Amino acid sequence: MKSFLPVLTVVAAIFALWYLAVIPMNMHAALTTAERGGAVISPEGAAARRDLSGISLAANNSEHIASTFNQDRPRLPAPHQVARELWDTTVEKKITSKRSLVFHGWITLSATLLGFAIGTGLGIVLAIGIVHNRAMDMSVMPWAIASQTIPILAIAPMIIVVLNSVGVQGLLPKAIISAYLSFFPVVVGMVKGLRSPDHMQLDLLKTYNASNAQGFWKLRLPASMPYLFASLKIGIAASLVGAIVGELPTGAIRGLGARMLTGSYYGQTIQIWSALLAAAIVAAGLVAIVTLIQRVTLRRMGLS
Amino acid sequence: MTSNAVIQAKNLDLTFQTNDGPVHALKDVSLDVEAGDFVSFIGPSGCGKTTFLRCIAGLENATGGTLSVNGMTPDEARRNRAYGYVFQAAGLYPWRTIGGNIRLPLEIMGYAKSDQETRVREVMDLVDLKGFEKKYPWQLSGGMQQRASIARALAFDADILLMDEPFGALDEIVRDHLNEQLLALWARTNKTIGFVTHSIPEAVYLSTKIVVMSPRPGRITDVIDSPLPKERPLDIRDTPEFIEVAHRVRDGLRAGHLDD
(Lines give C-alpha, C1' and ligand atoms only; values in the text may rest on other atoms or scores of the structure.)
Protein backbone atom coordinates (compact mmCIF):
# COMPACT_ATOMS: atom_id res chain seq x y z
CA MET A 1 0.00 0.00 0.00
CA LYS A 2 3.04 2.23 0.31
CA SER A 3 3.16 2.60 -3.46
CA PHE A 4 -0.46 3.75 -3.56
CA LEU A 5 0.27 7.47 -3.41
CA PRO A 6 3.02 7.53 -6.08
CA VAL A 7 0.86 5.46 -8.42
CA LEU A 8 -2.07 7.79 -7.88
CA THR A 9 0.16 10.79 -8.50
CA VAL A 10 1.31 9.42 -11.84
CA VAL A 11 -2.25 8.65 -12.89
CA ALA A 12 -3.36 12.14 -11.88
CA ALA A 13 -0.48 13.67 -13.81
CA ILE A 14 -1.42 11.71 -16.93
CA PHE A 15 -5.04 12.86 -16.70
CA ALA A 16 -3.98 16.46 -16.08
CA LEU A 17 -1.75 16.37 -19.17
CA TRP A 18 -4.52 14.78 -21.18
CA TYR A 19 -7.04 17.46 -20.19
CA LEU A 20 -4.49 20.17 -20.94
CA ALA A 21 -3.81 18.71 -24.37
CA VAL A 22 -7.52 18.62 -25.15
CA ILE A 23 -7.77 22.43 -25.07
CA PRO A 24 -5.44 23.37 -27.98
CA MET A 25 -6.37 20.25 -29.95
CA ASN A 26 -10.07 21.08 -30.00
CA MET A 27 -9.90 24.89 -29.87
CA HIS A 28 -10.33 25.51 -33.60
CA ALA A 29 -13.51 23.46 -33.80
CA ALA A 30 -14.86 24.95 -30.59
CA LEU A 31 -14.38 28.50 -31.87
CA THR A 32 -15.94 27.71 -35.25
CA THR A 33 -19.03 26.34 -33.53
CA ALA A 34 -19.20 29.32 -31.19
CA GLU A 35 -18.82 31.81 -34.04
CA ARG A 36 -21.63 30.11 -35.90
CA GLY A 37 -23.72 30.57 -32.77
CA GLY A 38 -23.14 34.32 -32.89
CA ALA A 39 -20.22 34.74 -30.52
CA VAL A 40 -17.44 37.24 -31.26
CA ILE A 41 -14.12 35.52 -31.74
CA SER A 42 -10.74 37.04 -32.32
CA PRO A 43 -9.55 36.77 -34.98
CA GLU A 44 -12.73 36.46 -36.97
CA GLY A 45 -13.33 33.66 -39.48
CA ALA A 46 -12.15 30.04 -39.43
CA ALA A 47 -9.79 30.70 -42.35
CA ALA A 48 -7.94 33.38 -40.42
CA ARG A 49 -7.54 31.05 -37.47
CA ARG A 50 -6.39 28.02 -39.42
CA ASP A 51 -2.70 28.72 -39.14
CA LEU A 52 -2.77 29.99 -35.57
CA SER A 53 -1.81 27.62 -32.79
CA GLY A 54 -4.45 26.20 -30.52
CA ILE A 55 -2.61 27.56 -27.51
CA SER A 56 -2.71 31.19 -28.63
CA LEU A 57 -6.36 30.83 -29.64
CA ALA A 58 -7.16 29.48 -26.21
CA ALA A 59 -5.33 32.38 -24.60
CA ASN A 60 -7.29 34.96 -26.66
CA ASN A 61 -10.68 33.29 -26.26
CA SER A 62 -10.46 31.75 -22.81
CA GLU A 63 -14.24 31.90 -22.28
CA HIS A 64 -14.64 29.14 -24.89
CA ILE A 65 -12.17 26.69 -23.32
CA ALA A 66 -14.94 24.80 -21.52
CA SER A 67 -16.57 23.80 -24.80
CA THR A 68 -13.43 21.94 -25.94
CA PHE A 69 -14.21 19.19 -23.42
CA ASN A 70 -17.65 18.21 -24.66
CA GLN A 71 -17.62 18.04 -28.45
CA ASP A 72 -19.31 15.32 -30.45
CA ARG A 73 -16.35 14.66 -32.70
CA PRO A 74 -13.37 16.12 -30.94
CA ARG A 75 -9.93 15.87 -32.43
CA LEU A 76 -8.84 14.62 -29.00
CA PRO A 77 -11.65 13.44 -26.71
CA ALA A 78 -11.39 14.33 -23.03
CA PRO A 79 -10.90 11.46 -20.54
CA HIS A 80 -14.43 11.70 -19.18
CA GLN A 81 -15.88 11.39 -22.69
CA VAL A 82 -13.87 8.22 -23.29
CA ALA A 83 -14.86 6.92 -19.86
CA ARG A 84 -18.54 7.54 -20.58
CA GLU A 85 -18.25 5.81 -23.96
CA LEU A 86 -16.49 2.87 -22.30
CA TRP A 87 -19.23 2.65 -19.68
CA ASP A 88 -21.99 2.91 -22.30
CA THR A 89 -20.52 0.27 -24.55
CA THR A 90 -19.63 -2.25 -21.88
CA VAL A 91 -22.02 -2.06 -18.95
CA GLU A 92 -25.06 -0.42 -20.59
CA LYS A 93 -25.06 -2.46 -23.78
CA LYS A 94 -26.08 -6.10 -24.03
CA ILE A 95 -23.10 -8.34 -24.71
CA THR A 96 -24.68 -9.56 -27.94
CA SER A 97 -25.06 -6.03 -29.27
CA LYS A 98 -22.89 -4.99 -32.20
CA ARG A 99 -22.03 -1.85 -30.26
CA SER A 100 -20.89 -3.68 -27.16
CA LEU A 101 -17.16 -3.42 -26.52
CA VAL A 102 -17.32 -6.66 -24.53
CA PHE A 103 -18.53 -8.38 -27.69
CA HIS A 104 -15.80 -6.83 -29.82
CA GLY A 105 -13.24 -7.38 -27.07
CA TRP A 106 -14.06 -11.08 -26.94
CA ILE A 107 -13.64 -11.40 -30.73
CA THR A 108 -10.15 -9.93 -30.45
CA LEU A 109 -9.33 -11.78 -27.25
CA SER A 110 -10.18 -15.18 -28.73
CA ALA A 111 -7.90 -14.51 -31.70
CA THR A 112 -5.23 -13.29 -29.28
CA LEU A 113 -5.38 -16.39 -27.11
CA LEU A 114 -5.35 -18.79 -30.05
CA GLY A 115 -2.49 -16.85 -31.64
CA PHE A 116 -0.61 -16.80 -28.35
CA ALA A 117 -0.99 -20.55 -28.00
CA ILE A 118 0.22 -21.16 -31.55
CA GLY A 119 3.06 -18.65 -31.21
CA THR A 120 4.23 -20.01 -27.86
CA GLY A 121 4.10 -23.59 -29.09
CA LEU A 122 5.95 -22.73 -32.28
CA GLY A 123 8.48 -20.64 -30.35
CA ILE A 124 9.25 -23.44 -27.90
CA VAL A 125 9.56 -26.05 -30.65
CA LEU A 126 11.88 -23.81 -32.68
CA ALA A 127 13.98 -23.05 -29.59
CA ILE A 128 14.36 -26.75 -28.81
CA GLY A 129 15.46 -27.35 -32.39
CA ILE A 130 17.89 -24.45 -32.31
CA VAL A 131 19.48 -25.61 -29.06
CA HIS A 132 19.82 -29.25 -30.09
CA ASN A 133 20.62 -28.95 -33.76
CA ARG A 134 23.51 -26.93 -35.09
CA ALA A 135 22.05 -26.67 -38.57
CA MET A 136 18.84 -25.23 -37.16
CA ASP A 137 20.82 -22.90 -34.95
CA MET A 138 22.52 -21.41 -37.97
CA SER A 139 19.54 -21.44 -40.32
CA VAL A 140 16.41 -20.68 -38.28
CA MET A 141 17.57 -17.80 -36.12
CA PRO A 142 18.39 -15.39 -39.00
CA TRP A 143 14.97 -16.06 -40.52
CA ALA A 144 13.23 -15.55 -37.22
CA ILE A 145 14.96 -12.19 -36.87
CA ALA A 146 14.24 -11.28 -40.50
CA SER A 147 10.57 -12.14 -40.00
CA GLN A 148 10.32 -9.48 -37.34
CA THR A 149 11.84 -6.75 -39.50
CA ILE A 150 8.96 -6.96 -41.97
CA PRO A 151 6.23 -4.50 -40.97
CA ILE A 152 3.31 -6.59 -39.78
CA LEU A 153 0.94 -4.16 -41.50
CA ALA A 154 2.48 -5.14 -44.84
CA ILE A 155 2.29 -8.86 -44.33
CA ALA A 156 -1.06 -9.08 -42.51
CA PRO A 157 -3.28 -8.47 -45.58
CA MET A 158 -1.29 -11.04 -47.55
CA ILE A 159 -1.77 -13.67 -44.88
CA ILE A 160 -5.51 -12.94 -44.83
CA VAL A 161 -5.81 -13.04 -48.61
CA VAL A 162 -3.73 -16.18 -49.07
CA LEU A 163 -5.57 -18.05 -46.34
CA ASN A 164 -8.90 -16.84 -47.65
CA SER A 165 -8.09 -18.24 -51.09
CA VAL A 166 -7.56 -21.68 -49.58
CA GLY A 167 -10.79 -21.38 -47.67
CA VAL A 168 -9.51 -20.47 -44.20
CA GLN A 169 -11.50 -17.63 -42.72
CA GLY A 170 -12.54 -16.15 -39.43
CA LEU A 171 -10.50 -16.67 -36.30
CA LEU A 172 -7.50 -18.54 -37.68
CA PRO A 173 -5.99 -15.92 -40.03
CA LYS A 174 -6.02 -13.35 -37.26
CA ALA A 175 -4.57 -15.87 -34.83
CA ILE A 176 -1.77 -16.61 -37.28
CA ILE A 177 -0.87 -12.94 -37.56
CA SER A 178 -0.93 -12.78 -33.79
CA ALA A 179 1.29 -15.88 -33.58
CA TYR A 180 3.64 -14.28 -36.11
CA LEU A 181 4.35 -11.53 -33.59
CA SER A 182 4.37 -13.61 -30.43
CA PHE A 183 6.60 -16.55 -31.42
CA PHE A 184 9.70 -14.41 -31.65
CA PRO A 185 10.16 -13.35 -28.02
CA VAL A 186 9.45 -16.95 -27.02
CA VAL A 187 12.15 -18.28 -29.36
CA VAL A 188 14.73 -15.78 -28.12
CA GLY A 189 13.87 -16.30 -24.45
CA MET A 190 13.66 -20.08 -24.67
CA VAL A 191 16.95 -20.42 -26.55
CA LYS A 192 18.62 -18.39 -23.84
CA GLY A 193 16.82 -20.35 -21.13
CA LEU A 194 17.60 -23.78 -22.55
CA ARG A 195 21.23 -22.74 -22.79
CA SER A 196 21.33 -21.28 -19.29
CA PRO A 197 22.71 -24.40 -17.51
CA ASP A 198 26.47 -23.90 -17.09
CA HIS A 199 29.31 -26.24 -18.06
CA MET A 200 29.38 -27.83 -14.65
CA GLN A 201 25.69 -28.77 -14.83
CA LEU A 202 26.17 -30.28 -18.28
CA ASP A 203 29.33 -32.12 -17.19
CA LEU A 204 27.45 -33.53 -14.22
CA LEU A 205 24.86 -35.05 -16.55
CA LYS A 206 27.69 -36.36 -18.70
CA THR A 207 29.14 -38.19 -15.70
CA TYR A 208 25.76 -39.91 -15.36
CA ASN A 209 25.92 -40.77 -19.06
CA ALA A 210 22.53 -39.09 -19.42
CA SER A 211 20.90 -38.93 -22.84
CA ASN A 212 20.06 -35.65 -24.57
CA ALA A 213 16.39 -36.23 -23.83
CA GLN A 214 17.10 -36.71 -20.13
CA GLY A 215 19.23 -33.59 -20.12
CA PHE A 216 16.35 -31.71 -21.71
CA TRP A 217 13.60 -32.86 -19.36
CA LYS A 218 15.60 -32.90 -16.15
CA LEU A 219 17.82 -29.87 -16.60
CA ARG A 220 17.33 -27.62 -19.60
CA LEU A 221 13.54 -27.32 -19.52
CA PRO A 222 13.18 -26.56 -15.80
CA ALA A 223 16.13 -24.17 -15.97
CA SER A 224 14.49 -22.28 -18.83
CA MET A 225 11.26 -21.50 -16.96
CA PRO A 226 12.20 -18.00 -15.69
CA TYR A 227 13.25 -17.06 -19.23
CA LEU A 228 10.09 -18.53 -20.73
CA PHE A 229 7.84 -16.49 -18.47
CA ALA A 230 9.69 -13.26 -19.23
CA SER A 231 9.10 -14.03 -22.92
CA LEU A 232 5.47 -14.97 -22.41
CA LYS A 233 4.75 -11.54 -20.94
CA ILE A 234 6.09 -9.86 -24.06
CA GLY A 235 4.47 -12.51 -26.24
CA ILE A 236 0.96 -12.10 -24.91
CA ALA A 237 1.06 -8.33 -25.41
CA ALA A 238 2.44 -8.83 -28.92
CA SER A 239 -0.34 -11.33 -29.58
CA LEU A 240 -2.96 -8.74 -28.81
CA VAL A 241 -1.29 -6.23 -31.09
CA GLY A 242 -1.19 -8.89 -33.80
CA ALA A 243 -4.88 -9.70 -33.43
CA ILE A 244 -5.82 -6.03 -33.65
CA VAL A 245 -3.56 -5.44 -36.64
CA GLY A 246 -5.10 -8.52 -38.24
CA GLU A 247 -8.48 -6.80 -38.07
CA LEU A 248 -7.37 -3.51 -39.59
CA PRO A 249 -6.46 -4.18 -43.24
CA THR A 250 -9.36 -6.50 -43.97
CA GLY A 251 -12.26 -4.25 -43.28
CA ALA A 252 -13.32 -6.52 -40.47
CA ILE A 253 -16.57 -5.51 -38.84
CA ARG A 254 -16.02 -7.23 -35.53
CA GLY A 255 -13.25 -6.86 -32.96
CA LEU A 256 -11.43 -4.01 -31.27
CA GLY A 257 -9.43 -3.36 -34.42
CA ALA A 258 -12.67 -3.08 -36.39
CA ARG A 259 -13.97 -0.54 -33.87
CA MET A 260 -10.85 1.56 -34.37
CA LEU A 261 -11.18 1.23 -38.13
CA THR A 262 -14.84 2.21 -38.35
CA GLY A 263 -14.17 4.97 -35.85
CA SER A 264 -11.56 6.44 -38.15
CA TYR A 265 -13.81 6.06 -41.21
CA TYR A 266 -16.52 8.14 -39.59
CA GLY A 267 -14.37 10.46 -37.52
CA GLN A 268 -15.64 8.91 -34.30
CA THR A 269 -12.59 9.70 -32.23
CA ILE A 270 -14.33 8.84 -28.98
CA GLN A 271 -15.00 5.37 -30.34
CA ILE A 272 -11.36 4.97 -31.43
CA TRP A 273 -10.07 6.05 -28.07
CA SER A 274 -12.42 3.85 -26.13
CA ALA A 275 -11.44 0.85 -28.28
CA LEU A 276 -7.81 1.81 -27.73
CA LEU A 277 -8.28 1.99 -24.00
CA ALA A 278 -10.21 -1.26 -23.99
CA ALA A 279 -7.29 -2.91 -25.81
CA ALA A 280 -4.89 -1.51 -23.22
CA ILE A 281 -7.04 -2.82 -20.39
CA VAL A 282 -7.24 -6.28 -21.99
CA ALA A 283 -3.45 -6.28 -22.51
CA ALA A 284 -2.83 -5.26 -18.91
CA GLY A 285 -5.18 -8.00 -17.75
CA LEU A 286 -3.45 -10.63 -19.88
CA VAL A 287 0.01 -9.63 -18.69
CA ALA A 288 -1.26 -9.66 -15.11
CA ILE A 289 -2.56 -13.21 -15.54
CA VAL A 290 0.77 -14.39 -17.00
CA THR A 291 2.59 -12.67 -14.15
CA LEU A 292 0.40 -14.45 -11.63
CA ILE A 293 1.04 -17.86 -13.22
CA GLN A 294 4.72 -17.01 -13.33
CA ARG A 295 4.82 -16.15 -9.66
CA VAL A 296 3.00 -19.29 -8.58
CA THR A 297 5.02 -21.59 -10.86
CA LEU A 298 8.43 -20.19 -10.05
CA ARG A 299 7.71 -20.14 -6.34
CA ARG A 300 6.66 -23.77 -6.44
CA MET A 301 9.86 -24.54 -8.34
CA GLY A 302 11.93 -22.68 -5.75
CA LEU A 303 13.22 -20.34 -8.47
CA SER A 304 11.99 -17.06 -7.09
CA MET B 1 51.61 -53.14 -13.40
CA THR B 2 49.67 -54.53 -10.49
CA SER B 3 46.32 -56.08 -11.22
CA ASN B 4 44.94 -54.13 -8.31
CA ALA B 5 45.24 -50.76 -10.04
CA VAL B 6 41.86 -49.13 -10.55
CA ILE B 7 43.19 -46.10 -12.33
CA GLN B 8 46.29 -46.43 -14.44
CA ALA B 9 47.90 -43.57 -16.33
CA LYS B 10 50.95 -44.11 -18.52
CA ASN B 11 52.82 -41.20 -20.12
CA LEU B 12 49.61 -39.24 -20.39
CA ASP B 13 49.77 -36.08 -22.49
CA LEU B 14 47.11 -33.46 -23.03
CA THR B 15 47.65 -30.42 -25.20
CA PHE B 16 44.94 -27.81 -25.67
CA GLN B 17 45.06 -25.86 -28.90
CA THR B 18 44.34 -22.24 -28.07
CA ASN B 19 44.59 -19.02 -30.03
CA ASP B 20 47.89 -18.31 -28.28
CA GLY B 21 49.31 -21.63 -29.43
CA PRO B 22 49.32 -25.05 -27.79
CA VAL B 23 49.05 -25.31 -23.99
CA HIS B 24 50.56 -28.37 -22.35
CA ALA B 25 47.97 -29.10 -19.68
CA LEU B 26 49.48 -32.50 -18.92
CA LYS B 27 52.86 -33.88 -19.86
CA ASP B 28 54.08 -37.40 -19.32
CA VAL B 29 51.83 -38.15 -16.38
CA SER B 30 52.13 -41.72 -15.07
CA LEU B 31 50.29 -42.92 -11.99
CA ASP B 32 48.76 -46.06 -10.52
CA VAL B 33 45.85 -45.81 -8.12
CA GLU B 34 44.97 -48.95 -6.17
CA ALA B 35 41.50 -49.93 -5.09
CA GLY B 36 40.62 -48.28 -1.82
CA ASP B 37 43.25 -45.56 -2.17
CA PHE B 38 42.54 -41.99 -1.17
CA VAL B 39 44.60 -40.00 -3.65
CA SER B 40 44.98 -36.26 -3.42
CA PHE B 41 46.19 -34.12 -6.30
CA ILE B 42 47.81 -30.95 -5.07
CA GLY B 43 49.54 -28.11 -6.85
CA PRO B 44 49.22 -24.47 -7.84
CA SER B 45 46.55 -23.45 -10.31
CA GLY B 46 47.38 -24.44 -13.86
CA CYS B 47 49.25 -27.57 -12.81
CA GLY B 48 46.67 -29.79 -14.46
CA LYS B 49 45.26 -31.45 -11.35
CA THR B 50 41.66 -30.76 -12.31
CA THR B 51 42.40 -31.61 -15.94
CA PHE B 52 43.84 -34.95 -14.88
CA LEU B 53 40.74 -35.68 -12.82
CA ARG B 54 38.56 -34.75 -15.78
CA CYS B 55 40.60 -37.11 -17.98
CA ILE B 56 39.93 -39.93 -15.54
CA ALA B 57 36.24 -39.02 -15.68
CA GLY B 58 36.25 -39.02 -19.48
CA LEU B 59 35.30 -35.35 -19.57
CA GLU B 60 38.56 -34.50 -21.37
CA ASN B 61 40.40 -36.64 -23.86
CA ALA B 62 44.11 -37.10 -23.54
CA THR B 63 46.15 -36.42 -26.68
CA GLY B 64 48.83 -38.99 -25.88
CA GLY B 65 49.66 -41.90 -23.61
CA THR B 66 47.22 -44.36 -22.12
CA LEU B 67 44.74 -44.12 -19.29
CA SER B 68 42.55 -46.90 -17.99
CA VAL B 69 39.80 -46.80 -15.40
CA ASN B 70 38.56 -50.13 -14.07
CA GLY B 71 40.44 -51.71 -16.96
CA MET B 72 38.45 -49.70 -19.52
CA THR B 73 39.03 -46.47 -21.37
CA PRO B 74 37.79 -43.47 -19.37
CA ASP B 75 34.93 -42.99 -21.82
CA GLU B 76 33.79 -46.59 -21.44
CA ALA B 77 34.10 -46.24 -17.69
CA ARG B 78 31.93 -43.11 -17.85
CA ARG B 79 29.32 -44.95 -19.90
CA ASN B 80 29.41 -47.73 -17.33
CA ARG B 81 28.89 -45.15 -14.59
CA ALA B 82 32.09 -46.25 -12.89
CA TYR B 83 32.48 -43.14 -10.77
CA GLY B 84 30.66 -40.41 -8.93
CA TYR B 85 31.92 -36.87 -9.52
CA VAL B 86 31.73 -34.00 -7.04
CA PHE B 87 32.30 -30.54 -8.47
CA GLN B 88 33.68 -27.43 -6.83
CA ALA B 89 30.19 -26.01 -6.47
CA ALA B 90 27.35 -28.13 -5.16
CA GLY B 91 25.30 -27.39 -8.30
CA LEU B 92 22.06 -28.67 -6.82
CA TYR B 93 18.93 -28.01 -8.88
CA PRO B 94 17.01 -25.25 -7.10
CA TRP B 95 13.69 -26.69 -8.30
CA ARG B 96 14.32 -30.05 -6.67
CA THR B 97 14.33 -30.88 -2.99
CA ILE B 98 17.50 -32.29 -1.47
CA GLY B 99 15.99 -35.76 -1.78
CA GLY B 100 15.02 -35.01 -5.37
CA ASN B 101 18.53 -33.84 -6.18
CA ILE B 102 20.08 -37.00 -4.79
CA ARG B 103 17.51 -39.02 -6.71
CA LEU B 104 18.52 -37.33 -10.01
CA PRO B 105 21.26 -39.79 -11.05
CA LEU B 106 19.07 -42.71 -9.98
CA GLU B 107 16.22 -41.47 -12.19
CA ILE B 108 18.59 -41.01 -15.10
CA MET B 109 20.09 -44.45 -14.61
CA GLY B 110 16.66 -46.02 -14.41
CA TYR B 111 16.61 -47.41 -10.89
CA ALA B 112 13.28 -48.75 -9.65
CA LYS B 113 11.20 -46.33 -7.57
CA SER B 114 11.47 -48.31 -4.34
CA ASP B 115 15.20 -48.80 -4.83
CA GLN B 116 15.56 -45.04 -5.35
CA GLU B 117 13.92 -44.32 -2.02
CA THR B 118 16.15 -46.72 -0.06
CA ARG B 119 19.30 -45.48 -1.72
CA VAL B 120 18.44 -41.83 -1.13
CA ARG B 121 17.76 -42.58 2.51
CA GLU B 122 21.01 -44.51 2.86
CA VAL B 123 23.30 -41.90 1.37
CA MET B 124 21.57 -39.04 3.19
CA ASP B 125 22.35 -40.93 6.35
CA LEU B 126 25.91 -41.39 5.20
CA VAL B 127 26.51 -37.65 4.80
CA ASP B 128 24.57 -36.82 7.94
CA LEU B 129 21.66 -35.07 6.23
CA LYS B 130 18.89 -37.16 7.72
CA GLY B 131 15.62 -35.26 7.90
CA PHE B 132 16.50 -32.75 5.18
CA GLU B 133 15.02 -34.73 2.32
CA LYS B 134 12.08 -32.40 1.79
CA LYS B 135 14.09 -29.18 2.12
CA TYR B 136 15.11 -27.07 -0.85
CA PRO B 137 18.76 -26.20 -1.53
CA TRP B 138 18.35 -22.55 -0.60
CA GLN B 139 17.24 -23.62 2.86
CA LEU B 140 20.63 -25.29 3.49
CA SER B 141 24.06 -23.84 4.32
CA GLY B 142 26.91 -24.10 1.82
CA GLY B 143 28.48 -26.98 3.72
CA MET B 144 25.22 -28.91 3.82
CA GLN B 145 24.68 -28.30 0.10
CA GLN B 146 28.12 -29.71 -0.64
CA ARG B 147 27.32 -32.73 1.51
CA ALA B 148 24.13 -33.22 -0.47
CA SER B 149 26.16 -33.11 -3.69
CA ILE B 150 28.48 -35.78 -2.25
CA ALA B 151 25.43 -37.86 -1.39
CA ARG B 152 24.26 -37.39 -4.98
CA ALA B 153 27.60 -38.73 -6.24
CA LEU B 154 27.39 -41.69 -3.86
CA ALA B 155 23.76 -42.56 -4.57
CA PHE B 156 24.45 -45.01 -7.38
CA ASP B 157 27.28 -46.64 -5.43
CA ALA B 158 30.10 -46.39 -7.96
CA ASP B 159 33.44 -47.72 -6.70
CA ILE B 160 35.28 -44.55 -7.53
CA LEU B 161 34.58 -41.10 -6.17
CA LEU B 162 36.22 -38.16 -7.96
CA MET B 163 36.18 -34.84 -6.14
CA ASP B 164 37.33 -31.56 -7.63
CA GLU B 165 38.11 -29.12 -4.81
CA PRO B 166 34.77 -29.95 -3.20
CA PHE B 167 35.44 -27.88 -0.09
CA GLY B 168 37.35 -25.06 -1.79
CA ALA B 169 34.56 -22.54 -1.37
CA LEU B 170 33.88 -23.33 2.29
CA ASP B 171 35.37 -21.74 5.38
CA GLU B 172 38.01 -23.57 7.38
CA ILE B 173 35.78 -24.65 10.26
CA VAL B 174 33.21 -26.25 7.99
CA ARG B 175 36.02 -27.69 5.94
CA ASP B 176 37.65 -29.44 8.94
CA HIS B 177 34.32 -30.92 9.86
CA LEU B 178 33.63 -32.15 6.33
CA ASN B 179 37.15 -33.59 6.06
CA GLU B 180 36.52 -35.65 9.17
CA GLN B 181 33.20 -36.82 7.80
CA LEU B 182 34.72 -37.65 4.46
CA LEU B 183 37.33 -39.87 6.11
CA ALA B 184 34.63 -41.65 8.09
CA LEU B 185 32.61 -42.11 4.91
CA TRP B 186 35.63 -43.45 3.05
CA ALA B 187 36.33 -45.92 5.86
CA ARG B 188 32.74 -47.15 5.75
CA THR B 189 32.39 -47.45 2.00
CA ASN B 190 35.87 -48.56 0.92
CA LYS B 191 35.69 -46.44 -2.18
CA THR B 192 38.65 -45.30 -4.24
CA ILE B 193 38.76 -41.54 -3.98
CA GLY B 194 40.50 -39.02 -6.23
CA PHE B 195 40.58 -35.64 -4.55
CA VAL B 196 41.82 -32.35 -6.01
CA THR B 197 42.83 -29.66 -3.53
CA HIS B 198 45.20 -26.75 -3.10
CA SER B 199 45.38 -27.08 0.67
CA ILE B 200 48.41 -28.91 2.04
CA PRO B 201 46.86 -29.82 5.43
CA GLU B 202 43.74 -31.10 3.71
CA ALA B 203 45.74 -33.27 1.32
CA VAL B 204 47.95 -34.70 4.07
CA TYR B 205 45.09 -35.26 6.48
CA LEU B 206 42.91 -37.13 3.99
CA SER B 207 45.17 -39.07 1.70
CA THR B 208 46.92 -42.39 1.55
CA LYS B 209 48.72 -41.10 -1.52
CA ILE B 210 49.56 -37.49 -2.28
CA VAL B 211 50.34 -36.52 -5.85
CA VAL B 212 52.25 -33.24 -6.07
CA MET B 213 51.94 -31.49 -9.40
CA SER B 214 53.44 -28.40 -10.97
CA PRO B 215 52.50 -26.21 -13.92
CA ARG B 216 53.87 -25.36 -17.37
CA PRO B 217 53.69 -28.11 -18.43
CA GLY B 218 51.33 -29.80 -15.98
CA ARG B 219 53.27 -32.76 -14.56
CA ILE B 220 53.75 -34.90 -11.47
CA THR B 221 56.78 -33.87 -9.42
CA ASP B 222 56.33 -36.19 -6.44
CA VAL B 223 54.12 -39.06 -5.28
CA ILE B 224 54.06 -39.50 -1.51
CA ASP B 225 52.67 -42.62 0.14
CA SER B 226 51.42 -41.42 3.47
CA PRO B 227 52.81 -43.19 6.54
CA LEU B 228 49.83 -42.02 8.61
CA PRO B 229 47.49 -44.68 9.98
CA LYS B 230 44.05 -45.10 8.44
CA GLU B 231 42.43 -44.00 11.67
CA ARG B 232 42.94 -40.23 11.80
CA PRO B 233 41.53 -37.96 14.48
CA LEU B 234 41.76 -34.22 13.70
CA ASP B 235 44.65 -33.70 16.14
CA ILE B 236 46.84 -36.04 14.13
CA ARG B 237 47.76 -32.81 12.38
CA ASP B 238 49.97 -31.89 15.35
CA THR B 239 52.03 -35.09 15.23
CA PRO B 240 55.61 -35.11 13.88
CA GLU B 241 54.67 -37.61 11.15
CA PHE B 242 51.98 -35.32 9.83
CA ILE B 243 54.27 -32.31 9.85
CA GLU B 244 56.97 -34.30 8.10
CA VAL B 245 54.64 -35.31 5.27
CA ALA B 246 53.39 -31.74 4.99
CA HIS B 247 57.02 -30.64 4.67
CA ARG B 248 57.66 -33.06 1.89
CA VAL B 249 54.60 -31.83 0.04
CA ARG B 250 55.73 -28.25 0.46
CA ASP B 251 59.20 -29.13 -0.81
CA GLY B 252 57.66 -30.86 -3.81
CA LEU B 253 55.58 -27.79 -4.57
CA ARG B 254 58.61 -25.54 -4.26
CA ALA B 255 60.72 -27.79 -6.51
CA GLY B 256 58.08 -27.45 -9.18
CA HIS B 257 58.52 -23.70 -9.08
CA LEU B 258 62.33 -23.66 -9.26
CA ASP B 259 62.38 -23.53 -13.03
CA ASP B 260 59.99 -20.57 -13.12
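Being a predicted model, the structure only gives us computed values, none of them experimental. Residue numbering restarts at 1 for every chain, and letters A, B, ... go by the order of the sequence lines.
A donor-acceptor pair under 3.5 Å is formed between the side chain of R78(B) and the backbone N or O of K206(A).
More than 12 heavy atoms of other residues, nucleotides or ligands shown are found within 6.0 angstrom of CG on N80(B). Heavy-atom contacts from other residues, nucleotides or ligands closer than 6.0 Å to NZ of K218(A) number more than 12. In the displayed structure, Q139(B) atom CD is contacted under 6.0 Å by more than 12 heavy atoms of other residues, nucleotides or ligands.
Listed by chain and number, the residues in a salt bridge (charged side-chain N to carboxylate O under 4.0 Å, His left out) with R54(B) are D203(A), E60(B) (sequence neighbours excluded).
Going from atom CE of M225(A) over to atom CH2 of W95(B) covers 10.0 Å, rounded to the nearest 0.5 Å. Annotation: the span from L59(B) atom CG to L202(A) atom CG amounts to 11.0 Å, rounded to 0.5 Å. The distance from atom CZ of R152(B) to atom CG of L204(A), rounded to the nearest 0.5 Å, is 4.5 Å. Atoms CG and CZ, from N209(A) and R79(B) in turn, are 5.5 Å apart once rounded to the nearest 0.5 Å. Within the model, atoms OH of Y208(A) and CE of M109(B) stand 6.5 Å from one another, a figure rounded to the nearest 0.5 Å. Here CG of D198(A) is found 9.5 Å from CZ of F87(B). Values are rounded to the nearest 0.5 Å.
Heavy atoms only, all atoms of each residue included: Q214(A) and E107(B) are closest at NE2-O, 4.4 Å.
Heavy-atom distances place both the backbone and the side chain of Y85(B) under 4.5 Å from chain A. Contacts between L205(A) and chain B at a heavy-atom distance below 4.5 Å involve the side chain alone, from C-beta outward. Heavy-atom distances place no part of A158(B) under 4.5 Å from chain A, backbone and side chain included.
Per-residue counts of heavy-atom pairs under 4.5 Å with chain B were compared for P197(A), A210(A), P222(A); the largest is that of P222(A). Ranked by heavy-atom pairs under 4.5 Å with chain A, the list P105(B), A82(B), A77(B) is led by P105(B).
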- Go through the steps to decide whether M200(A) and Q88(B) satisfy the test side chain to side chain contact (heavy atoms under 4.5 Å, CB included), and finish with yes or no. CA-CA 9 Å; M200(A) 199 201 83; Q88(B) 204 162 358; 5.8 Å; no
- Message: Test side chain to side chain contact (heavy atoms under 4.5 Å, CB included) on Y93(B) and Q201(A); report intermediate values, then the result.
- Response: CA-CA 9 Å; Y93(B) 292 0; Q201(A) 299 278 20; 3.2 Å; yes
